[in-house]
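Worksheet: one structure, shown below.
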Amino acid sequence: MADSLNCDLKSLSPLQLFERVTEQGEKVRALKAGKAPKDEIDAAVRMLLSLKLSYKTTTGQDYQAGLPPKDLVLINNGTTKEEDEDLVDPWNVQTSNAKGVDYDKLIVRFGSSKIDTDLINRIERATGQKPHHFLRRGIFFSHRDMDQILDAYENKKSFYLYTGRGPSSQAMHVGHLIPFMFTKWLQEVFDVPLVIQLTDDEKYLWKDMTVEKAYEYAKENAKDIIACGFDINKTFIFSDLDYLGTSPGFYKNIVKVQKHVTFNQVKGIFGFTDSDCIGKISFPAIQAAPSFSSSFPQIFNGKENIQCLIPCAIDQDPYFRMTRDVAPRIGQPKPALLHSVFFPALQGAQTKMSASDPNSSIFLTDTPKQIKTKINKHAFSGGRDTIEEHRKYGGNCDVDVSFMYLTFFLEDDDRLEQLKQAYTSGELLTGELKKVLIETMQPLIAAHQERRKQVTDEVVKQFMTPRKLAFEF
Ligand code: TRP
């Protein structure tokens, strides 16, 4: 047993080992908290010690909770990052800070712009609508060229929205909905076409999955996306595996991008190595192509220069930095971007959520009871250890995951502010805060499930059929 464990551990990277130790530590804590039988706790502790030892042998460093192995922390331009910097690329999100990633620093490092009050006010003036709470609360916090989109819009020039999802499994969690909820709002207030790319090809290339399975997940995920309420007359959803082979316009753009990006560049941007398959190496061109309106001649009447706006989580930015770099060289406008923060795992803003860990988030298929249990058991608390201390010193909203989730899902600004004050002052206890979150999430998820039920295979097919949308170009 120990041998097979060691052998198994040797094949892990320092980062994976770090994650294993962290997980095991959490398990031990949970067992102790749940007053599990002593032999079970002892076995878990032995495992923890053995993992820590492997970590030390592999990295030469002692395991420190919250501090990932130093030599490993690369940012996506391949340079070693400074010790206190966060790691953010399309596959990794890592920080040693319990509050989560430092987004102001990320703006500086990525060279994007902050979504400030001026921009939010301008969006309000242009659309005549109250800005979405994701804007008001800094959940969409960074942008590229949003002012140009507004210039164009104010001059009655149209644009279109582009977003996407990698269908890695059937199980979507609430975090996956953030970009879609926001995109739905953008579509409504600006009244523009929307294209949604399902990168089943990407998931086939990166994961251990057949093409058939990836395509199946794409169609399943499309149901959850459609359930967010997109207008069928204004939205085209496509699977790469399906659409690419039918669209010469799309393929021409892929080839143009491919001609203008070197292997060296993608190595630098995405960290690819000589032993990555060539499918991965050329994939960024496929995620770039929908940024150009000529990829969708049926929607844009063959027009080439319709400006594109991409709402996405900040980890997708490397793809679009590359796209924006190539765009002028192939005679296309650069896509504009709106970036969101990451959605925290229930266990805390430091850890990444994983679709394979049912306890790391609330899934769109969870029952009211599962939602309640997960929040009560797993949501990391910024409260104090005892009621007395909590009353005396108050809770910490900056690290409290229940409070973080409420900033995403509780729309009422006044109520949120009241909760924040009551929690910070110690008047409101963790259990009470959790109860508010449970009562917010249960109806939200139930309503989603109800809407998803209405989405038949026929509806999915309609959304995914290449066609003209309700706009003249
Ligand atoms: N690569 C993204 C993912 O794995 C999917 C995606 C494709 C995407 N195109 C996009 C996300 C455009 C945001 C915007 O989830």
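Counting convention: from 1, in listed order, for ligands and their atoms alike.
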Output, or 'none' if empty, a list of ligand 1-protein atom pairs in which both atoms are N or O and the distance is under 3.5 Å, rounded to 0.1 Å.
unit_1: ligand 1; atom_1: 1 (N); unit_2: Glu202; atom_2: OE1; d: 3.0
unit_1: ligand 1; atom_1: 1 (N); unit_2: Glu202; atom_2: OE2; d: 3.4
unit_1: ligand 1; atom_1: 1 (N); unit_2: Gln287; atom_2: OE1; d: 2.9
unit_1: ligand 1; atom_1: 1 (N); unit_2: Gln316; atom_2: OE1; d: 3.0
unit_1: ligand 1; atom_1: 4 (O); unit_2: Glu202; atom_2: OE1; d: 3.4
unit_1: ligand 1; atom_1: 9 (N); unit_2: Tyr162; atom_2: OH; d: 2.9
unit_1: ligand 1; atom_1: 9 (N); unit_2: Gln197; atom_2: OE1; d: 3.0
unit_1: ligand 1; atom_1: 15 (O); unit_2: Gly166; atom_2: N; d: 3.0

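Within a 6.0 Å sphere centred on NZ of Lys280, heavy atoms belonging to other residues, nucleotides or ligands number more than 12.
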Step by step, work out the side-chain contact (heavy atoms from CB on, under 4.5 Å) result for Phe180 and Ile196.
CA-CA 10 Å; Phe180 293 107; Ile196 301 177; 3.9 Å; yes
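Not counting sequence neighbours, the partners of Glu450 by the salt bridge (Lys or Arg N to Asp or Glu O under 4.0 Å) test are Lys453.
Of the options Phe300, Tyr153, Phe190, Phe236, a ring pair (Phe, Tyr, Trp, His ring centres under 6.0 Å) to Tyr160 is made by Phe300 and by none of the others. Paired with Glu220 under the rule salt bridge (charged side-chain N to carboxylate O under 4.0 Å, His left out), one option of Arg165, Arg452, Lys213 passes, and it is Arg452.
Figure legend: Lys267 and Phe263 shown as a cation-pi pair, the cationic atom lying under 6.0 angstrom from the six-membered ring centre and within 45 degrees of its axis.
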